[in-house]
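For ligands, and for the atoms within them, numbers begin at 1 and follow the listed sequence. Everything numeric here is computed off the predicted structure, so don't read it as measured data. All residue numbers in this chain count up from 1 along the given sequence.
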Amino acid sequence: MAPAPPDSRVDVLIVGAGPAGLMAATWMSRCGLKTRIVDKRNTKVFAGQADGLQCRTLEILDSFDFGHRAWREANHMLEICLWNPDENGQIRRSDRIPDTIPGISRFQQVVLHQGRIERFFLDSLKEHGGIQVERGVMPEALELEDADPHDREAYPVKVTLRHLTEEQATPATINGTAKNGTVQSGLFRSNLTPDDTEDLLNAAKGNPRAGLTEIVRAKYLIGCDGAHSWVRRQLGFVMEGEQTDYIWGVLDIIPITDFPDIRMRCAIHSADAGSVMVIPRENKLVRLYIQLTRTEKGGGQHDRSKITPDMILKSAQKIMAPYKIDYEYCDWWTAYQIGQRVGSSFSKNERIFLAGDAVHTHSPKAGQGMNISMQDTYNLGWKIANVVKGVADPAILKTYQSERRRIAQDLIAFDHRFSRLFSGRPAKDVMDEEGISMQEFKEAFEKGNMFASGIAVDYGTSLIVAKPGDAASEGDGSDVSAANSKKPQVVGKQSLSSVIKLGMRMPSFQVLSQADARPWQFQELLKSNGRWRLVVFAGDVKQATQKARVQALGEALAKPDSFLHRYTPADAPIDSVIEVLTIHCSPRREVELLDDFHEIFHPFRKEVGWDYWKVFVDDDSYHEGHGQAYKNYDVDPVRGCMVVLRPDQYVSWIGELDDMADLERFFDGFMLARR
Ligand code: FAD
């Protein structure tokens with residue numbers, strides 16, 4: 001009899017090591033969860049595919065300490081040029097607008113191919129605990145047992161994994177002949193190519209070299225297995241929406257051209273030869289997105305064998321005429337049909353989750369897919385980690401679907417509008433009702449830039465976002481009032497700042513360390529390590545009444561039965577679950593860290609002494625000017641306020657320094673006592 005397959009247990013199993021899966025694995029490594037991540041392919045992406053990195057994504061990568069790698073290596077896109085036909089039908093530059101809305105982030109949109117982003121994740125995983133992507137491994141069976149959501153020892157997800165041979169794990173690539181010879185295309189990943197998952201499984205079963213199967217039992221499973229998601233199909237969830245009738249080609253080339261704006265992002269609408277989007281990339285590369293053809297709506301898939309690099313180039317040449325464009329080197333190319341769809345559900349029993357392309361697909365031109373996919377698991381990862389570690393009640397897991405499904409729906413609505421405007425023929429004049437108004441296109445572009453940046457994300461009321469309103473209506477099925485049973489709902493005081501907005505990510509302004517005068521962007525202090533944060537805007541601590549309020553707050557937080565202590569295991573540092581960060585606005589030189597602030601604001605440990613990097617000041621720096629943090633955050637410089645930030649830097653609650661009871665009730669709604 002064949003031996004039973006080996007059986008292992010993990011906190012989290014991740015299927016798929018694209019951007020969404022790697023982001024999930026990164027959270028798990030930073031939070032110390034036992035995790036496996038498998039991918040059916042034997043390599044990561046090397047060329048082509050996604051390339052746009054939005055501001056919010058860069059903030060997130062920076063919070064994991066590798067944003068600088070992307071920022072340095074990428075091409076920075078600062079301006080968009082709009083090219084439209086003039087009265088004689090010849091294309092002309094009609095407008096220039098900033099690519100990223102000025103002032104919304106300390107980063108601007110950049111472009112770098114997906115393979116490099118995946119490389120940064122893989123390096124970071126190696127550096128922090130060594131979770132390794134297991135390649136050539138895919139699931140072939142999935143079972144989910146009923147389990148009490150509060151049972152932290154339960155492993156209700158059972159997955160049979162099959163190990164593939166090298167041959168099976170290597171995708172059959174579809175090449176195309178470009179001027180520099182045979183160039184690999186991305187068609188094997190494109191939606192114009194049928195999914196090969198079943199073929200791979202069947203081939204592996206029938207092949208004696210296809211080694212092992214094994215059983216993995218997991219507390220949680222995250223399906224990040226792309227648009228054809230096997231995990232999604234096992235759960236019986238469907239993608240809702242439709243395939244559009246536009247076929248697009250993508251060409252990554254080093255262009256040889258007299259087109260003057262080739263190093264700018266350009267949206268070019270020709271009079272009647274179609275549209276092209278120009279994306280200047282790293283290493284002299286330029287990506288061209290070109291609408292190739294229209295199929296009959298609902299007419300099924302297009303014959304991809306007809307699409308070649310040459311055909312894509314010829315279309316670009318027609319659209320960009322009288323300017324000339326050609327190339328000697330092509331890096332990658334692909335073609336796709338836009339499908340605008342959202343998954344019917346993002347989670348099964350809050351034990352199995354779906355993220356990324358597995359639950360939303362749309363056109364790639366607005367540079368969203370990779371970003372929103374990573375942001376999905378950025379939203380989910382810390383929640384699972386908090387639950388596995390016993391920090392928070394499993395009820396918080398419901399907010400994954402309520403927060404992220406709405407973003408996916410917004411994305412599809414945005415993409416729908418944007419694609420229609422981009423793909424359509426420009427109107428000849430105001431009477432031309434079938435044509436697209438170029439003014440409308442420009443306005444949509446400008447508005448769309450805010451959405452596309454990722455900064456506009458605004459999560460609704462829930463256990464972990466103390467906004468007015470009712471969580472149930474946000475669609476997560478969890479009910480704040482039910483979770484707090486007989487207690488009234490806690491609502492933060494939004495009136496204390498018009499800039500620090502409940503449900504949105506904490507903006508960043510410069511502050512100085514009180515202890516050593518070093519300037520920091522405040523976001524740099526909000527590392528992704530799974531900790532919650534209480535930000536105390538201490539106000540003007542040189543004023544006696546304010547000093548007394550801050551002292552009273554310190555004493556309340558330091559009490560052995562305060563929430564800070566109750567939620568922190570007795571043997572762990574006091575900042576390991578909720579970190580208290582303070583920003584005051586008295587003159588730095590007139591304040592003494594150790595004398596003027598209660599110890600809880602700069603905790604002491606006998607092995608390492610005082611923590612000097614918890615108290616900051618809004619003051620002039622020697623070399624970087626004044627951050628004007630109080631003014632920019634719109635916080636009263638005398639009375640200050642308190643802000644609770646989630647581990648993903650979204651604002652949960654805001655209140656006065658004396659609102660300890662409310663603050664405590666807010667945390668009591670979902671945090672678990674540890675002592
Ligand atoms: P994927 O990247 O598809 O990763 C899924 C992973 O799961 C893969 O590694 C796959 O091998 C693995 N897998 C699949 N099935 C299984 C299985 N059964 N078992 C084990 N492993 C499995 N997005 C942007 O943000 N900006 C852009 O500019 C952009 N441009 C694009 C251009 C093109 C031409 C294309 C095709 C896409 C573009 N995208 C862009 C979209 C972007 O590539 C995707 O949205 C993004 O890769 C989604 O990440 P993901 O991790 O969800 O899925």
Select the closest option to [atom] among [options], judged by heavy-atom distance.
atom: atom 8 (C) of ligand 1; options: D39, L354, I279, T334; answer: D39
atom: atom 41 (C) of ligand 1; options: A20, G369, P139, G356; answer: G369
atom: atom 32 (C) of ligand 1; options: R287, M23, Q114; answer: R287
atom: atom 25 (O) of ligand 1; options: K40, M370, R41; answer: M370

Sub-4.0 Å heavy-atom approach of [X] to ligand 1:
X: Q54; value: no
X: W333; value: no
X: W248; value: no

Ligand 1 atoms in contact with [X] (distance to a heavy atom under 4.0 Å):
X: Y289; answer: 28 (O), 30 (N), 31 (C), 32 (C)
X: W230; answer: 18 (N)
X: D225; answer: 5 (C), 7 (O), 13 (N), 14 (C), 15 (N), 16 (C), 22 (C)
X: M138; answer: 18 (N), 19 (N), 20 (C)
X: C224; answer: 5 (C), 6 (C), 7 (O)
X: G226; answer: 3 (O), 5 (C), 53 (O)
X: Q368; answer: 24 (C), 25 (O), 26 (N)
X: D51; answer: 26 (N), 27 (C), 28 (O), 29 (C)

*Could you check whether the rings of Y650 and Y459 sit parallel, tilted or perpendicular, using 30° and 60° as the cut-offs?*
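If you compare the ring of Y650 with that of Y459, the planes turn out tilted.
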_Using 30° and 60° as the class boundaries, would you call the ring planes of W27 and F64 parallel, tilted or perpendicular?_
perpendicular
*Can you list the residues that meet the side chain to side chain donor-acceptor pair (under 3.5 Å) rule with E240, with sequence neighbours excluded?*
R405
*Determine, step by step, whether K383 and E403 satisfy the salt bridge (charged side-chain N to carboxylate O under 4.0 Å, His left out) criterion, reporting the C-alpha distance in whole Å, the side-chain angles of both residues, the deciding distance to 0.1 Å, and the verdict.*
CA-CA 12 Å; K383 292 175 183 171; E403 293 183 341; 2.8 Å; yes
*D252/R287 under salt bridge (charged side-chain N to carboxylate O under 4.0 Å, His left out): CA gap, chis, key distance, verdict*: CA-CA 4 Å; D252 284 351; R287 170 168 289 188; 2.7 Å; yes
*N or O contact, E118 vs ligand 1, cut-off under 3.5 Å*: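 For ligand 1, there is no N or O atom that lies under 3.5 Å from one belonging to E118.
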*Do any N/O atoms on P19 end up under 3.5 angstrom from N/O atoms on ligand 1?*
yes
Is it true that [X] and [Y] make a salt bridge, defined as a side-chain N closer than 4.0 Å to a carboxylate O?
X: D648; Y: R505; value: no
X: E145; Y: K158; value: no
X: D225; Y: R232; value: no
X: E73; Y: R116; value: yes

_Taking the six-membered ring for Trp, are W332 and H113 closer than 6.0 Å centroid to centroid?_
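Judged by ring-centre distance (under 6.0 Å), W332 and H113 do not meet the cut-off.
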Contact partition for [X] relative to ligand 1, non-hydrogen atoms under 4.0 Å:
X: W332; result: side chain
X: V15; result: side chain
X: H228; result: neither

*Within the side chain of Y220, is there an N or O that forms a donor-acceptor pair under 3.5 Å with the backbone of V157?*
no
*Using side-chain contact (heavy atoms from CB on, under 4.5 Å) as the criterion, list what pairs up with I412, not counting sequence neighbours.*
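Result, side-chain contact (heavy atoms from CB on, under 4.5 Å) vs I412: Q340, V342, H362.
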